[in-house]
Amino acid sequence: MKTYFKTQVLSNSVETSERLAMDLIRYIQNMIRYRDCIYLALSGGSTPQLLFEILSRDFSKAIDWNRVHFFWVDERCVPFSDQESNYGNATSFLFSKIAIDKDNIHPIHGADDPLNEAVRYTGEILSIVPCHKNFPVFDLVLLGMGNDGHTASIFPGQLNLFETNSICTVTHQPETCQRRITLTGRVINNASEIVFLVTGKQKAEKVKSIINEETESSLFPAKKIVPVTGNLSWYLDKQSAAYIDIKMS
Ligand code: 6PG
């Protein structure tokens with residue numbers, strides 16, 4: 001299957017996000033030539049903010065955003081107004097600056113009861129995102145990686161979330177005990193394109209361990225991201241790729 005993404009190392013976080021933004025736009029432009037709509041799931045944290053800024057600054061008119069449905073990979077159980085809110089940040093840096101219908105944006109309601117919200121969000125996904133064998137097939141899932149090797153809101157010690165048949169579930173951040181709602185591993189691995197955006201020297205050890213398939217990496221949730229049939233790519237900067245041999249792009 002043709003892919004518009006490939007694992008690559010750029011000089012710094014700005015160039016990495018700029019390259020991913022360009023590849024994302026090319027991908028969307030080509031996909032919507034054949035499809036009415038495509039379905040993306042975004043991660044949160046701080047890394048994607050630069051990507052969102054670049055998309056809204058340089059590509060706000062590059063596509064009909066109403067041909068894209070945005071979901072979230074995970075969310076912190078906080079109100080949208082909280083600075084921790086993944087939806088709140090994506091709205092500040094991207095959705096408030098592009099022409100997109102609110103019906104195309106599917107936030108996880110972090111302020112609501114987590115168990116009820118996980119059920120509601122599951123229903124929303126199943127009613128909108130195309131499924132194969134009763135599992136949603138996102139066209140693209142954008143992931144980050146924590147310093148501990150977590151991805152989405154699946155943390156070390158929660159690898160059972162790659163076996164469950166649930167679509168999304170309630171977890172918690174082990175250090176802060178902050179409750180989270182997250183897509184489960186099987187949903188993520190069912191996507192057609194899975195793209196990691198990982199920058200910064202504090203990620204370098206885990207990137208090395210995962211890319212080089214070191215024994216300990218089997219404990220890291222990010223290592224369990226293995227597409228069933230889709231493509232996996234890593235967008236890295238020199239700092240996060242400091243210990244691996246991938247030639248600079
Ligand atoms: C979240 C994310 C999470 C994130 C990593 C990296 O809600 O925190 O979805 O998986 O991608 O924690 O976060 P940073 O980009 O802030 O390093």
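Just so it is clear, the structure is predicted and the values come from calculations on it, not from any experiment. Both counts, for ligands and for their atoms, begin at 1 and track the order of listing.
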Discussion item. Would S153 count as being in polar contact with ligand 1, using the rule that some N or O on each side must be under 3.5 angstrom apart?
Written reply: no
Response to the item:
The residue among W72, Y39, F71 that forms ring pair (Phe, Tyr, Trp, His ring centres under 6.0 Å) with F138 is F71
Worksheet entry | Heavy-atom nearest option to atom 3 (C) of ligand 1, drawn from A152, G146, P221 | A152
Discussion item. Test of understanding: given a 4.0 Å heavy-atom threshold, classify the contact between D74 and ligand 1 as side chain, backbone, both, or neither.
Written reply: side chain
Fill in: E75 side chain vs N86 backbone, donor-acceptor pair below 3.5 Å
yes
Worksheet entry | contact_flag Q202 ligand 1 heavy-atom lt 4.0 Å | no
Worksheet item: Within the structure, does T151 bring an N/O atom to less than 3.5 angstrom of an N/O atom in ligand 1?
Response: no
Discussion item. For ligand 1 and L143, I'd like to know whether there is a polar contact (N/O to N/O, distance under 3.5 Å).
Written reply: no
Fill in: Test: K2 cationic atom under 6.0 Å from Y4 six-membered ring centre, within 45° of axis
yes
Fill in: Test item: D237 side-chain N/O and G200 main-chain N/O as donor-acceptor pair under 3.5 Å
yes
Worksheet entry | Side chain, backbone, both or neither: M145 near ligand 1, heavy atoms under 4.0 Å | backbone
Fill in: SB check D23 K6 (cutoff 4.0 Å)
no
Worksheet item: So, E117 side chain and H109 main chain: donor-acceptor pair closer than 3.5 Å or not?
Response: yes
